[in-house]
Amino acid sequence: MAASGSGGSRADNGYSSQQPRRRRGPGALATAYLVIYNVVMTAGWLVIAVGLVRAYLAKGSYHSLYYSIEKPLKFFQTGALLEEYLLIAKYLPGIVPSSVVLTAFQVMSRVFLTWAVTHSVKEVQTEDSVLLFVVAWTITEIIRYSFYTFSLLNHLPYLIKWARYTLFIVLYPMGVSGELLTIYAALPFVRQSGLYSISLPNKYNFSFDYYTFLILVMISYIPIFPQLYFHMLHQRRKVLSHTEEHKKSE
Amino acid sequence: FVSYQVEILDWKTKKQLCFLDKVEPNATIREIRLMFHKLYPRWYPARQSIKLDPKGKSLRDEEILQHLPVGTTATLYFKDLGPQIGWTTVFLIEYTGPLFIYFLFYFRMPFVYGLDERFASSPHPVVNLACICHSFHYIKRLIETVFVHRFSHGTMPLRNIVKNCLYYWGFAAWLAYYINHPLYTPPSYGKKQINFAVIMFLLCEAGNFSIHVALSDLRRNGSKTRKIPYPTKNPFTWLFFFVSCPNYTYEVGTWISFTIMTQCVPVGLFTLLCFIQMTIWAKDKHCTYLREFKDYPSLRMPIIPFLL
């Protein structure tokens, strides 16, 4: 699921201490670490973007571009888990609890798509739907991490803020479509191979059908995606109108 | 003798909802709630959150008007807590569900495992034992709800009951499905494992019951104030030396024993979730005790002696 991120619930900046409400910002050392982290993540996703473009130019078609960026994609997407852990453990300061749940949800779904679907079901790796969500995630993450980087350095260009809170309108549905189509494509192969499934009888008295599980995951998008999308739209209205007020008062 | 004036505003809109004239200084919040209820019949007292600050905590029924930090014209804020349901009712519904749902699977109702298996009984004695233990556990809980527990809050929001029932009933169905399944596999270590589990189960149930009785005795005269629970002559209560919430400790023990008895992963998962939930509750309770009582025994941990 594209767009949104840990700064979702707060009106303007990312981790910066310049908030409408007086929140204790990170100390100098923590800020340095956070800047380095966000720069590295921005660079990582730029590498993925560049990899995609180069592979496209080399091959002449957008088929099977997954293989050219498979490793950095896995690395940086899974790296977001660390970020989520830091949020939950409250090492990242001034984070509102509700956004932790939202980001946790998104990170988990992304990691699930990366490892439990695309990596595990090799036959879907050549599907165009994979490219669809990879492109959506890449653009989103580049904007998101550079947004955090600039916020921490207190020099946030309006363009980045605008991009972060506007492009999701297209990128989010794009990413979700890619994800759903990929899961759907994986279904017959999961059924055939019995991937990650266990049936009775066994000494642990447990059964699990990965095929049914994937269908349930797909169904869960129906209640969850609109909520997240409208939350982002609401955030957009809050953030971008807040900036307008600031400009007027100057 | 100065009589107070009380105005009650909506916490969000700050609109004045009512103005009470000539209120006695020693009026309790409970009486104010009753007066408010007369003006707004659909907001019965249990639904009213009355507070000094729009974003603050709800005032208790026992608070007295003149002891609050207000002038002779007091401004209070009202928030609707939504439809409420009594704790006793909640528990009765939550616990009756699993009891009967388990029976649906145990007696192999036709729609559960397919028509060939309808009403068939299991060849494994442990399956009968598991049914007895599971039923005993929930019957005990129902009895405690009616005769033993004394609740400090009268009610909880109605929407909680849907969430809670989904959880308890859903899990009961899930684990009953596997234990009573025609392809169920009995525990790997056979009779030894089962007997050990039964003994542990009975000990933990007795322990849990003892703690509930001890806690209930602390509130024998109907008071709502908190007191430190101490070990009594009953050996099961000696866990109070080491733990703030031994009832949760014993409860987790019960479910661990049930997991060992059935050797079933869904039961294990339910046990894990119970453990996590009860640890959260125990830590909360423990912190409350520490805050309220300066002489609280320092050896005690929230739920696991010396560890957690």
Side-chain angles (χ1 to χ4, degrees), chain A residues 9-11 19-24 81 84-85 87-91 94-102 104-105 107-108 112 116 194-224 226-228 231 234 237-238, chain B residues 55 102 105-106 108 112-114 116-117 122-131 133-134 162-163 166 170-190 192-194 197 255-256 258-273 276 280:
Chain A
S9 305
R10 288 193 314 289
Q19 313 269 2
R21 275 174 282 168
R22 273 251 138 259
R23 239 194 283 256
R24 261 181 55 240
L81 273 178
E84 193 51 38
Y85 167 71
L87 270 182
I88 293 177
K90 305 232 169 96
Y91 290 126
I95 308 296
V96 179
S98 63
S99 65
V100 172
V101 174
L102 273 178
F105 196 78
V107 170
M108 293 314 304
F112 179 77
L195 182 69
Y196 299 146
S197 302
I198 180 172
S199 63
L200 292 175
N202 60 75
K203 69 174 175 181
Y204 297 113
N205 293 305
F206 181 59
S207 67
F208 182 72
D209 186 22
Y210 194 48
Y211 181 86
T212 315
F213 180 72
L214 285 177
I215 292 184
L216 289 174
V217 167
M218 287 176 74
I219 294 177
S220 74
Y221 273 69
I222 299 177
I224 292 170
Q227 280 191 51
L228 289 173
H231 171 82
H234 181 71
R237 238 172 291 138
K238 252 189 9 187
Chain B
K55 300 225 168 115
Y102 196 98
F105 293 88
Y106 178 73
R108 305 241 180 101
V112 171
Y113 297 113
D116 288 336
E117 293 289 346
S122 168
H124 309 293
V126 70
V127 171
N128 304 322
L129 187 59
C131 182
C133 288
H134 188 267
V162 178
K163 202 173 31 119
L166 266 174
F171 254 110
W174 196 42
L175 55 92
Y177 173 78
Y178 286 106
I179 298 172
N180 299 293
H181 200 282
L183 295 176
Y184 172 76
T185 314
S188 312
Y189 295 100
K192 266 195 292 206
Q193 184 170 338
I194 298 171
W255 285 105
I256 292 176
F258 196 63
T259 310
I260 297 173
M261 191 192 302
T262 55
Q263 197 167 300
C264 178
V265 164
V267 181
L269 278 173
F270 184 64
T271 307
L272 181 66
L273 288 179
I276 293 173
I280 295 173

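In what follows, chains carry the letters A, B, and so on, assigned in the order in which the sequence lines appear, proteins first and then strands, with residues in each chain numbered from 1. Owing to the predicted nature of the structure, the values given are computational and were not obtained by experimental measurement.
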Inter-chain donor/acceptor N,O pairs below 3.5 Å: chain A to chain B:
residue : atom : partner : partner atom : Å
A:N202  : O    : B:T185  : OG1          : 3.1
A:K203  : O    : B:Q263  : NE2          : 3.1
A:Y204  : O    : B:V265  : N            : 3.0
A:N205  : OD1  : B:T185  : N            : 2.8
A:N205  : ND2  : B:T185  : O            : 2.9
A:N205  : ND2  : B:Q263  : O            : 2.9
A:S207  : N    : B:Y178  : OH           : 3.4
A:S207  : O    : B:Y178  : OH           : 3.1
A:S207  : OG   : B:Y178  : OH           : 2.6

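- Sorted pairs that involve residues 172-181 of chain B and meet salt bridge (charged side-chain N to carboxylate O under 4.0 Å, His left out), not counting sequence neighbours, are lacking altogether.
- Within 6.0 Å of atom CE in A:M108, 12 or fewer heavy atoms from other residues, nucleotides or ligands are found, so the atom counts as exposed in its surroundings.
- The distance from atom CG of A:L228 to atom CZ of A:F105, rounded to the nearest 0.5 Å, is 7.0 Å.
- A distance of 8.5 Å separates CG of B:L129 from CZ of B:F258, quoted to the nearest 0.5 Å.
- Here the CD1-CG distance, from A:I219 to A:L214, works out to 11.5 Å after rounding to the nearest 0.5 Å.
- Listed here is the closest heavy atom pair of A:P201 and B:L183: CB-O, 3.3 Å.
- Between chain A and the options B:P187, B:P266, B:P186, B:P182, heavy-atom pairs under 4.5 Å are most frequent for B:P266.
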